[in-house]
Amino acid sequence: MLVALLQGAPESYQQASVGRVQVLAASRHMALGIALGEQADRVAVWPGLGRQDPGPVRLVVASDGSALGRAGRGQVPSWGVGLAIPGARTIVVRADAPDPYGALRHELAHLALHQAVKVRLPLWFDEGYAVYAAGEFDRMEALRLNLAVVRGAIGDLRTLDRALRQGEAEAATAYALAGSTVQLLARLHPAGTLDAMVGRLAAGEPFDSAVVATTGYTVAGFERAWQRDLRRRFGWFVWFAAGGGWFVLALLVLAAVRWRRRRDLPRRLALNEGWTVENEDEDAGAQ
């Protein structure tokens, strides 16, 4: 099905094998495809899953957003950089993504999770796990959370699911928030890991039951704990400490400079009236 969709692309796709990874890419992107294939073919360690052999994978390097949209049959947003189709053991990564290797690891995390877990998962956990497992929760994501909390844009888990499918700006914050949910699920367990949670899910336990068993919270209770945790960790004080204070200070200084210039403008205009500059050569001769 995917190959048929790609046949409508403006450029033909070639195939290459890298270990157990079948790479499909346009000739100009094949070098990138092979490098990504080498990464996809490695055994990796995933939170709660341990060392996982990726097995056979089809890796498609889409030239741009249009090609990714065709591969996703119109279900991928225009800003998306990757797509995982676990049932077909297929990953699609955009060649023009800012970080195609990071996008690949995110999609590989989806593949690993769904290879082990067959029960239904909420979208916020599915995407949050990929963010957490791919190590995307860096300083910039923390700043997004700071801003989200300061703006009061946390919402509930159902709202988070919807935000993950919104525009690029909203989704960027939503992915950071989703990562924070999974981070908290790990912290709430005495071991501080996802091992027990993911282990129960892999054994076929329903998601809600696994949350209760490993955190002591119902999903509704976890939602409230997550909101409290975000406000505590990413409130006004943390936002200022993380650099927000310098931003505000810069704005205040800029505003003060502009106000001073507007206030002094009449006086500068008055001084300019009748002002005569003496000839520099005459001054030099007088000395």
Side-chain angles (χ1 to χ4, degrees), residues 1-44 46 49 52-118 121 123-136 161 164-168 171-172 174-175 178-179:
M1 176 65 73
L2 181 61
V3 174
L5 290 169
L6 291 174
Q7 285 176 347
E11 54 186 338
S12 60
Y13 279 67
Q14 300 177 348
Q15 297 188 33
S17 294
V18 181
R20 289 163 298 172
V21 179
Q22 181 188 24
V23 179
L24 281 79
S27 58
R28 62 193 177 104
H29 299 310
M30 185 54 76
L32 172 62
I34 290 173
L36 291 171
E38 291 173 348
Q39 177 174 320
D41 193 46
R42 297 172 189 154
V43 173
W46 301 106
L49 297 172
Q52 293 289 306
D53 188 325
V57 176
R58 174 182 287 170
L59 172 62
V60 180
V61 181
S63 298
D64 51 26
S66 297
L68 181 65
R70 283 192 297 273
R73 304 180 70 178
Q75 300 301 310
V76 183
S78 60
W79 48 262
V81 295
L83 168 68
I85 310 173
R89 300 200 54 75
T90 297
I91 289 174
V92 187
V93 175
R94 280 178 60 168
D96 60 351
D99 179 12
Y101 296 93
L104 173 63
R105 183 162 178 82
H106 182 101
E107 304 307 334
L108 283 170
H110 281 303
L111 216 62
L113 180 64
H114 286 274
Q115 179 175 299
V117 176
K118 304 303 180 184
L121 300 173
L123 181 61
W124 60 263
F125 178 82
D126 196 357
E127 292 296 350
Y129 178 86
V131 169
Y132 181 79
E136 297 172 358
D161 275 352
L164 286 164
R165 293 295 177 257
Q166 297 297 316
E168 184 173 6
Y175 273 81

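- Contact record, Ala40 with Pro54: O-CG, 3.3 Å, taken as the closest heavy-atom pair.
- In this structure the side chain of Tyr101 reaches within 4.5 angstrom of the side chain of Leu32, judged on heavy atoms.
- The salt bridge (Lys or Arg N to Asp or Glu O under 4.0 Å) test applied to Asp99 returns no partner, not counting sequence neighbours.
- Contacts of His114 classified as ring pair (Phe, Tyr, Trp, His ring centres under 6.0 Å), with partners at least two apart in sequence or in another chain: none.
- A perpendicular orientation is assigned to the rings of Tyr175 and Trp79, their planes being inclined by more than 60° (bins at 30° and 60°).
- Put simply, the side chain of His106 reaches to within 4.5 Å of the side chain of Val131, judged on heavy atoms.
- Here the shortest heavy-atom pairing between Ala109 and Ala130 reads CB-CA, 3.8 Å.
- Heavy-atom minimum distance, Ala133 versus Trp46: CB-CE3, 3.7 Å.
- Judged by distance alone, the side chain of Arg94 and the main-chain N or O of Leu68 form no donor-acceptor pair under 3.5 Å.
- With sequence neighbours left out, Glu127 forms a salt bridge (Lys or Arg N to Asp or Glu O under 4.0 Å) with Arg165.
- The shortest side-chain heavy-atom distance between Leu49 and Tyr129 falls under the 4.5 Å cut-off.
- Judged as a side-chain hydrogen bond (donor to acceptor under 3.5 Å, both in side chains), not a single pair has a partner in residues 30-43 (not counting sequence neighbours).
- When the salt bridge (Lys or Arg N to Asp or Glu O under 4.0 Å) test is applied to Asp64, no partner is found at least two apart in sequence or on another chain.
- Within the 4.5 Å cutoff, the side chain of Phe125 has heavy atoms near those of the Leu113 side chain.
- Summarising the geometry, atom CG belonging to Leu108 is positioned 11.5 Å from atom CD belonging to Gln52; distances are rounded to the nearest 0.5 Å.
- The two atoms that bring Pro100 and Val93 nearest to each other are O-CG1, 3.7 Å, heavy atoms only.
- Leu104 is listed as a side-chain neighbour of Leu59, based on a closest heavy-atom distance under 4.5 Å.
- Applying the ring pair (Phe, Tyr, Trp, His ring centres under 6.0 Å) test to Tyr132 and every residue at least two apart in sequence or in another chain returns nothing.
- Here the CG atom belonging to Leu123 is positioned 4.5 Å from the CG atom belonging to Asp161, to the nearest 0.5 angstrom.
- Residue Ala95 comes nearest to Ser63 through the heavy atom pair CB-O, 4.2 Å, listed as atom of the first residue, atom of the second, then distance.
- Taking every heavy atom of both residues into account, Leu24 and Gln15 meet most closely at CG-CG, 3.9 Å.
- Here the NE2 atom belonging to His110 is positioned 9.0 Å from the CG atom belonging to Leu83, to the nearest 0.5 angstrom.
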